[in-house]
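Counting convention: from 1, in listed order, for ligands and their atoms alike.
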Amino acid sequence: MKVLANDGISQSGIDALSAGGFEVITTKVAQEQLANYINENKIDVLLVRSATTARKELIDACPTLKIIGRGGVGMDNIDVDYAREKGIHVINTPAASSASVAELVFAHLYGGVRFLYDANRNMPLEGDSKFKDLKKAYAGGRELRGKTIGIIGFGRIGQEVAKIALGCGMRVMASDMYVEEANITVDFYDGQSVSFLIKSEPVSEVLKQSDFITLHVPAQKEYVIGKKEIEMMKKGAAIINAARGGVIDEDALLEALENEKLSFAALDTFETEPKPAIKVLMNGRLSLSPHIGAATREAQDRIGTELATQIISILKPA
Ligand SMILES: O=C(O)[C@H](O)COP(=O)(O)O
């Protein structure tokens, strides 16, 4: 049987699939040629990340496809219900990348409070007066310890963010429509662990009280953070979006950075992806990354092996 991993797969995933008797093809096929390629090469399993889409047209054009697998969490690039109606298994790896996304949130947060994204760009080539000017410009950093982080979307990734935040000495607030409360256990290196019960609160309360807001909600039709929500936030607060483009209104965000309502923001996902708007790319108060929340070796290894396990159990049950 053949697996096309169109957006790549870890070596661990390839090894596990090969050991299970699958041929793994990692050729990147252009979206418009994908249906032909799948049919001509008799592909049984199509694996995607967020770059390749598997919409109704592709599903209709590939009647022998048995599995569509998303290496990652968000399945907004797949017509999941339609594929399932057609008898195709649709699988993903919802937990494999949570820790990596949460760590990226903190990379942006620590970078933001110490202006690292801007300081890096502006370091002078030679030590001159500009060095001293920059030292002054970046003198007003802040610590995260003791501050409040508001987590909107308190599923797997939100809860991983909470673990790190608690370990850093932050106060954690959370809001989720479906999760009433969660016991967050922080595991320390020496084997000790401490648990904290975090209760979900109304979004408005989280917005009002937090120094930093981080979003961990799925893609949806409406903005989760628009002008009205930003107005509720503390002056000088900051916001991180490593969830999905379109959950923050980028125009409202840029305006809030411009009028200094927000001190900085970080985006790993964009309303227009993979081409973020120029106004977003050029804004000096935005810390940006190219949708790399899950882009760690550890997460991709877990994703690859989890996909392999699921594929083998569906197509070659013991
Ligand atoms: O939904 C996900 O898993 C993340 O957004 C990662 O997307 P990627 O696999 O395209 O990096």
Side-chain angles (χ1 to χ4, degrees), residues 3-14 17 24 26-31 34 45-55 58 67-81 83 90-108 151-161 164 176 178 214-221 224-225 239-248 250 266-276 280 287-311:
V3 176
L4 171 65
N6 207 46
D7 297 327
I9 184 170
S10 65
Q11 191 57 47
S12 56
I14 296 177
L17 283 165
V24 183
T26 54
T27 309
K28 172 80 183 176
V29 183
Q31 189 71 47
L34 196 52
V45 180
L46 170 65
L47 298 182
V48 301
R49 287 179 60 182
S50 56
T52 301
T53 59
R55 298 277 173 226
L58 180 103
I67 299 180
I68 299 173
R70 163 61 158 116
V73 185
M75 300 217 275
D76 37 308
N77 52 332
I78 302 171
D79 285 339
V80 177
D81 293 341
V90 184
I91 57 173
N92 69 341
T93 57
S97 49
S98 307
S100 294
V101 179
E103 288 190 9
L104 182 73
V105 168
F106 272 82
H108 276 295
I151 303 170
I152 298 182
F154 204 40
R156 292 182 186 85
I157 299 174
Q159 292 182 26
E160 281 297 328
V161 169
I164 302 178
D176 192 297
Y178 308 103
T214 181
L215 299 171
H216 300 290
V217 292
Q220 42 209 281
K221 289 197 183 100
V224 175
I225 300 293
I239 189 159
I240 315 286
N241 181 18
R244 276 291 176 274
V247 299
I248 292 187
E250 286 177 358
L267 300 176
D268 183 55
T269 56
F270 303 89
E271 277 194 61
T272 50
E273 209 171 302
K275 275 192 187 165
V280 167
S287 173
L288 304 174
S289 54
H291 200 150
I292 51 168
T296 63
R297 292 176 197 175
E298 293 85 352
Q300 290 306 317
D301 270 347
R302 284 191 292 268
I303 287 170
T305 46
E306 274 184 34
L307 283 175
T309 307
Q310 293 187 63
I311 292 166

### Polar contact flag, side-chain donor to acceptor under 3.5 angstrom, Thr53-Gln31
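Yes, side-chain donor-acceptor contact under 3.5 Å.
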### Distance-only polar pair, side chains of Asp268 and Ser289, donor-acceptor under 3.5 Å
yes
Going by the atom numbers of ligand 1, which of them fall below 4.0 Å from some non-hydrogen atom of [X]?
| X | result |
| --- | --- |
| Gly72 | 3 (O) |
| Gly74 | 1 (O), 2 (C), 3 (O) |
| His291 | 4 (C), 5 (O), 6 (C), 7 (O), 11 (O) |

### For atom 10 (O) of ligand 1, the protein heavy atom that lies nearest, with its residue and separation
Ser50 OG, 2.3 Å
### Task
Please answer whether the main-chain N or O of Gly74 pairs with a side-chain N or O of Arg70 as donor and acceptor at a distance below 3.5 Å.
yes
### Query
Is there at least one pair of N or O atoms, one from Ala51 and one from ligand 1, spaced under 3.5 Å apart?
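N/O-N/O distance below 3.5 Å does not exist for this pair.
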### Within-4.5 Å side-chain heavy-atom neighbours: Ile248 and Leu267
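In contact.
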### Side chain to side chain, Val161 and Phe106, heavy atoms closer than 4.5 Å
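Contact flag for Val161/Phe106 side chains = yes.
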### Task
Take every heavy atom of Gly71, measure it against each atom of ligand 1, and state whether any distance is under 4.0 Å.
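Yes; Gly71 lies near enough to ligand 1 that a heavy-atom distance drops under 4.0 Å.
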### Option of least heavy-atom distance to atom 1 (O) of ligand 1 (set: Arg49, Met75, Arg244)
Arg244
### Message
If the test is salt bridge (charged side-chain N to carboxylate O under 4.0 Å, His left out), which one of Arg55, Arg244, Lys221 qualifies with Asp76?
### Response
Arg244
